[in-house]
Amino acid sequence: MSETSASVFNHIFHNRNLYPQVEITNAQKSINKILGYLNAGRLRKAVSTLFRFPELLPYSLYAHLFQICCSQRAIVEARKVESHLVTFSPTPPIFLLNRAIETYGKCGFLNDARELFEEMPQKDGGSWNAMITAYAQGGFPDEAFSLFLGMNKVGVYANKITFASILGSCAASFELNLSRQIHGHIMKYGFHRNVILCSSLVDVYGKCQVMSDARKMFNEIRYPNAITWNVIVRRYLDNGDGREAVLMFSRMLSAAIRPLNFTFSNALVACSSIYALKEGMQIHGVVTKLGFLENDVVSSSLINMYVKCGELYEGSRIFYELGSKDLVTWTSIVSGYAMSGKTLEARELFNEMPERNIISWNAMLAGYIDSSKWLEALDFLYLMLDETKSLDHVTLSLMLKLSAGLSDHEMGKQVHGYIYRYGFHFNLMVGNALLDMYGKCGNLNNARVWFGIMSTWRDKVSWNALLTSYARHQLSEQALAMFSEMQLETKPTTYTFGTLLAACANTSALYHGKQVHGYMIRHGIEIGTVLSTALLHMYSKCRCIGYAFQVLKGIPFRDVGLWNTIIFGCCHNRRAKEALELFGAMVEEGIKPNHVTFHGILVACVEEGLVEYGAQCFKSMMNEYSVLPQLEHYNCMIELYSRNGYMDELENFVKTMPIEPTISMLNIALDACKKHEYSKLGEWIMEKINEFNY
DNA sequence: AATATCGTAC
């Protein structure tokens, strides 16, 4: 009996104590193993260890695993964790399933998330939030909205997390009306002191381009934090109000809130957009003081700001003084040189870059195209396609700009084919570049057809591009008619008026030109330097020099373009002598003449027959001003010598010029040779012309 | 964060 009882006791003892102890040890062993793998960053190994253990483990472990799957976007492992959980736990806690939904959402597998969400026998507010957040962050705002409605229907209360996600979706899909309703809810639920939600409202209003409401909301926030300030600066910048963006940034500094690196960056981009060098330099000072100089985000924007404000040297100084340079700072400086017309230096830097991406390639390509170096651009493009095998919407837009610059209709059509194949048809920027290409290559019909196709997604840039095509084809009447039509769909911009005035100028349509000028005054259009230049050009082309001078009087700042317009305006109005006097005044004012200026000067010399002075200008343009003569300058010189019978000089010039004379240059010179019986050069030219025929 | 479509003088 005692023996038996002893053995029974023994048995019970084993069952009660010894066996459970083994079980705990095994579970503990597995847990330790899993945690060890996780600490070593070996998620897959951790999950397969979990899978080999056929019983439920502590819930906190699953939570931990989901969290890591989430941050590593490990969908396969996440599915395994969920399956282990639901296999061994008949009623898993809701919070864990919510974590699973979050994880699936973060991995971008919204169907998995939705399936789990639907199958949950019980949901709490967190489940709805997890699902809504998944849709909101996965780029499915409409799904998020409908779930939000569903949640209200079944009587689950929204909380601040719900509102934050829904506002994010509103911002992504520019849902202004819904945003206003959410705004009301937020106030009603008593979240008016919640800085995060209120900052989101500022963001939404800004994204919906209602800056007045954004600002109102901002002003209601008692303690705006760094993110709030960042949002308001960024939204002003995006809405084209660089001035206000810079202003808000300076207020942020006054409020003693330490800017984020992106806020510095936004403020500097805002400075670039309004060419506010002084303000930019002040921000540079703050950057230095607060120790952001070595921050890649800040330094690249700083370089960019100096370059855009015309201080390339200062930009490159920052670049060279940087301790570590990343891809973006490299791209900034390459782009800086490229966009300042210094393509040689830019290319050297480009070749030195330790790594490149599509943006760096695009930046270099844009530099060539911007300085009209078409052939270099073409070579570079081939190299790019060869080496990177990749292109994006920016590359395609640049390719179209290149085709337009070369007036190469065939190439343009080929690029159109590319666009079609790569599925960039609905990209607005590419579409507008395509429109412009057809216009510039002289195919107005294709431009119009494409403009029609774009009717559901075109913008004001599309209208401007089409107007330009009409203007280019000397169809100013039709351009003005389009202008009326345009106003039914969108508002005109500076570009619109620039184009219209040019159209009037080129067709000497004084009446229409005055109408456009009147429209601008009546509608309070700000007439800056560009539009003043366009007006001046129009009036002087229309031989209305009195009005032209009237416009000139009201302009406080004269740039090269304006001076060039005045100089050419004098030439058109048989006042070449005054053009030459103006050149002196311009130089005195400290404005650097460019290739267009010298073209104007040489045209004036041709008109006045000033051979020696013209030759002197031609020399000084290279030696003193380092402006490289182009076709039109050579053309002027040949005309100058030919018209005035300077045959020895003509011969010397034609035979030593570094580029091949064009057929029209040769014809001008040949006429002179015939007139002055200068057969020595005449024969040489005849030979050249014959070469052209072969 | 860095590239990016339309305008003025030729």
Side-chain angles (χ1 to χ4, degrees), chain A residues 261-266 268-269 295-305 307 326-336 338-339 356-367 369-370 372 392-398 400-401 404 427-437 439-440 458-469 471 492-503 505 527-538 540-541 559-569 571-572 593-600 602-603 630-633 635-636:
Chain A
N261 57 354
F262 284 104
T263 318
F264 271 119
S265 168
N266 289 330
L268 286 165
V269 173
N295 186 296
D296 290 330
V297 173
V298 178
S299 57
S300 55
S301 307
L302 206 50
I303 293 170
N304 206 30
M305 183 279 294
V307 169
D326 75 344
L327 178 60
V328 179
T329 36
W330 270 101
T331 307
S332 296
I333 198 66
V334 167
S335 160
M339 287 311 179
R356 307 177 187 96
N357 64 6
I358 182 97
I359 298 181
S360 344
W361 283 92
N362 285 341
M364 190 61 234
L365 180 63
I369 291 175
D370 216 55
S372 312
D392 67 357
H393 59 120
V394 178
T395 322
L396 286 167
S397 305
L398 289 170
L400 288 167
K401 207 174 172 181
N427 182 295
L428 189 54
M429 203 204 314
V430 173
N432 286 336
L434 194 57
L435 194 58
D436 189 52
M437 182 278 294
K440 287 211 170 108
R458 67 190 175 204
D459 67 350
K460 46 188 73 176
V461 175
S462 330
W463 280 95
N464 290 339
L466 190 69
L467 278 176
T468 315
S469 306
T493 67
T494 319
Y495 286 82
T496 319
F497 296 110
T499 307
L500 289 176
L501 289 170
I527 302 181
T529 308
V530 168
L531 286 185
S532 304
T533 307
L535 278 170
L536 196 65
H537 180 225
M538 185 272 291
S540 67
K541 268 286 180 69
D559 65 0
V560 206
L562 184 68
W563 278 105
N564 292 343
T565 309
I566 307 170
I567 288 172
F568 269 99
C571 293
H572 294 313
N594 65 13
H595 66 108
V596 181
T597 322
F598 282 104
H599 185 196
L602 292 176
V603 168
Q630 291 167 6
L631 274 184
E632 59 267 26
H633 305 97
N635 201 59
C636 281

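Letters go in sequence order (proteins before strands), and every chain restarts at 1. Since the structure is predicted, the reported quantities are computational estimates derived from the model, not experimental observations.
Note: A/H599 and A/F568 meet the aromatic proximity criterion, with ring centroids under 6.0 Å apart.
Using a 4.0 Å heavy-atom cutoff across all strands shown, A/T499 reaches sugar-phosphate atoms only and no base atom. Among the protein residues, A/T468 comes within range of the sugar-phosphate backbone only, with heavy atoms under 4.0 Å from sugar or phosphate atoms but none that close to a base. Across all strands, A/T331 comes closer than 4.0 Å to base atoms (heavy-atom distances). Residue A/H633 is classed as having no contact, given no heavy-atom separation below 4.0 Å to the nucleic acid. The residue A/N594 sits close to a base: some heavy atom pair falls under 4.0 Å. Within the nucleic acid shown, A/F262 comes within 4.0 Å of sugar-phosphate atoms alone, with no base atom in reach, counting heavy atoms only. Residue contacts for A/V269: at a heavy-atom cut-off of 4.0 Å it reaches the sugar-phosphate backbone alone, with no base atom in range.
Nearest nucleotide to the side chain of A/N357, out of B/dA2, B/dC6, B/dC10: B/dA2. Among the nucleotides B/dC10, B/dG7, B/dA1, the one closest to any side-chain atom of A/S301 is B/dA1. Distance from the side chain of A/A363 is smallest to B/dT3 among B/dT3, B/dA2, B/dG7. When distances are taken from the side chain of A/K401 to each of B/dA4, B/dG7, B/dT5, the shortest belongs to B/dT5. Comparing B/dC10, B/dA2, B/dA4 against the side chain of A/M339 picks out B/dA4 as the nearest. Comparing B/dG7, B/dA9, B/dA1 by their nearest atom to the side chain of A/D296 picks out B/dA1. Closest to the side chain of A/A366, out of B/dC6, B/dA4, B/dG7, is B/dA4. With B/dC10, B/dA1, B/dT5 as the choices, the nucleotide that has an atom nearest any side-chain atom of A/V297 turns out to be B/dA1. Closest approach to the A/A502 side chain among B/dT8, B/dC10, B/dA1 is made by B/dT8 (side chain taken as heavy atoms from C-beta onward). Between B/dC10, B/dA1, B/dT3, one nucleotide has an atom nearer to the side chain of A/S335 than all others, and that is B/dT3.
Rounded to an integer number of Å, the gap from A/K541 NZ to B/dT8 P is 11 Å. Computed from coordinates, the A/D459 CG to B/dA4 C1' distance equals 13 Å when rounded to whole Å. Rounded to whole angstrom, the span from the CG atom of A/L536 across to the P atom of B/dC10 amounts to 11 Å. Atom CG in A/N362 sits roughly 14 Å away from atom P in B/dA2 (whole-Å rounding). Straight-line distance from the CG atom of A/L466 to the P atom of B/dT5: 18 Å, rounded to whole Å. The separation between A/L400 atom CG and B/dT3 atom P is 20 Å, rounded to whole Å. Between A/L535 atom CG and B/dG7 atom P there is a gap of 17 Å when expressed in whole angstrom units. Taking atom CZ of A/F497 as the reference point, atom P of B/dA9 lies 17 Å away to the nearest angstrom.
With contacts defined as side-chain heavy-atom distances shorter than 4.5 Å, the pair A/T496/A/T493 qualifies.
Remark: the backbone N or O of A/T331 is not paired with any side-chain donor or acceptor of A/S335 at under 3.5 angstrom. A donor-acceptor pair is defined here as one N or O able to donate and one able to accept, closer than 3.5 Å; no such pair exists between the side chain of A/N362 and the backbone of A/L365. When atom types are taken as modelled, the side chain of A/N304 and the backbone of A/S300 share no donor-acceptor pair closer than 3.5 angstrom. For A/N564 (side chain) and A/I567 (main-chain N/O), no donor-acceptor pair under 3.5 Å exists by modelled atom type.
Taking only side-chain nitrogens and oxygens, A/N427 never comes nearer than 4.0 Å to OP1 or OP2 of B/dA4. A close approach under 4.0 Å does occur between a side-chain nitrogen or oxygen of A/H537 and OP1 or OP2 of B/dC10. Taking side-chain N and O atoms only, A/K460 has no distance below 4.0 Å to OP1 or OP2 of B/dC6. Contact check, A/N464 against B/dG7: no side-chain N or O comes under 4.0 Å of OP1 or OP2.
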Side chain to side chain contact (heavy atoms under 4.5 Å, CB included), that's the test. Do A/D370 and A/K401 meet it? Break it down for me.
CA-CA 9 Å; A/D370 216 55; A/K401 207 174 172 181; 4.0 Å; yes
